[in-house]
Amino acid sequence: MPAEHLLVERARLLTLSAPEMTVLLGGMRVLNASARQSDLGVFTKRPGTLTNDFFVNLLDLATEWRRRPTRRRPSRAAIAGRAK
């Protein structure tokens with residue numbers, strides 16, 4: 001089953017709406033609650049501080065998104081965002 005389907009199922013089990021699950025995941029990202037403390041997908045310069053930086057930086061129209069190889073799996077590309 002795709003990861004996004006598992007995420008929706010987990011939200012259903014927690015009786016969370018889609019907006020509530022979105023906020024929960026954004027909050028977890030800025031608190032640096034990710035696999036192996038990875039900096040991928042954190043989108044903040046202040047990890048560990050509960051802010052709305054994740055959404056501000058994710059939705060900022062000045063962010064330029066590009067593919068880049070990952071360190072662990074060079075054959076698999078990650079999407080990286082940089083402010084223009």
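Values below: all heavy atoms of this structure, side chains included; hydrogens, waters and symmetry mates excluded. Because the structure is a prediction, the values reported are computed rather than measured.
- Scanning for side-chain contact (heavy atoms from CB on, under 4.5 Å) contacts around Pro19 gives Ser17, with sequence neighbours left out.
- Every side-chain contact (heavy atoms from CB on, under 4.5 Å) that Arg12 has, sequence neighbours left out, goes to Glu9.
- Here the options are Leu24, Val23, Thr22, the test is side-chain contact (heavy atoms from CB on, under 4.5 Å), and the partner is Leu16; only Leu24 passes.
- Here the side chains of Phe54 and Leu25 are not in contact, with every heavy-atom distance at 4.5 Å or above.
- Legend: residues meeting side-chain hydrogen bond (donor to acceptor under 3.5 Å, both in side chains) with Thr49, ordered by chain and number and at least two apart, are absent.
- Annotation: side-chain contact (heavy atoms from CB on, under 4.5 Å) contacts of Leu6 (sequence neighbours excluded): Met1.
- Taking Leu31 as the reference, Leu50 meet the side-chain contact (heavy atoms from CB on, under 4.5 Å) condition, with sequence neighbours excluded.
- Evaluation of the salt bridge (Lys or Arg N to Asp or Glu O under 4.0 Å) test over residues 13-26, restricted to residues two or more places apart or in two chains, returns none.
- Between Leu7 and Met21, the closest side-chain pair of non-hydrogen atoms falls below 4.5 Å.
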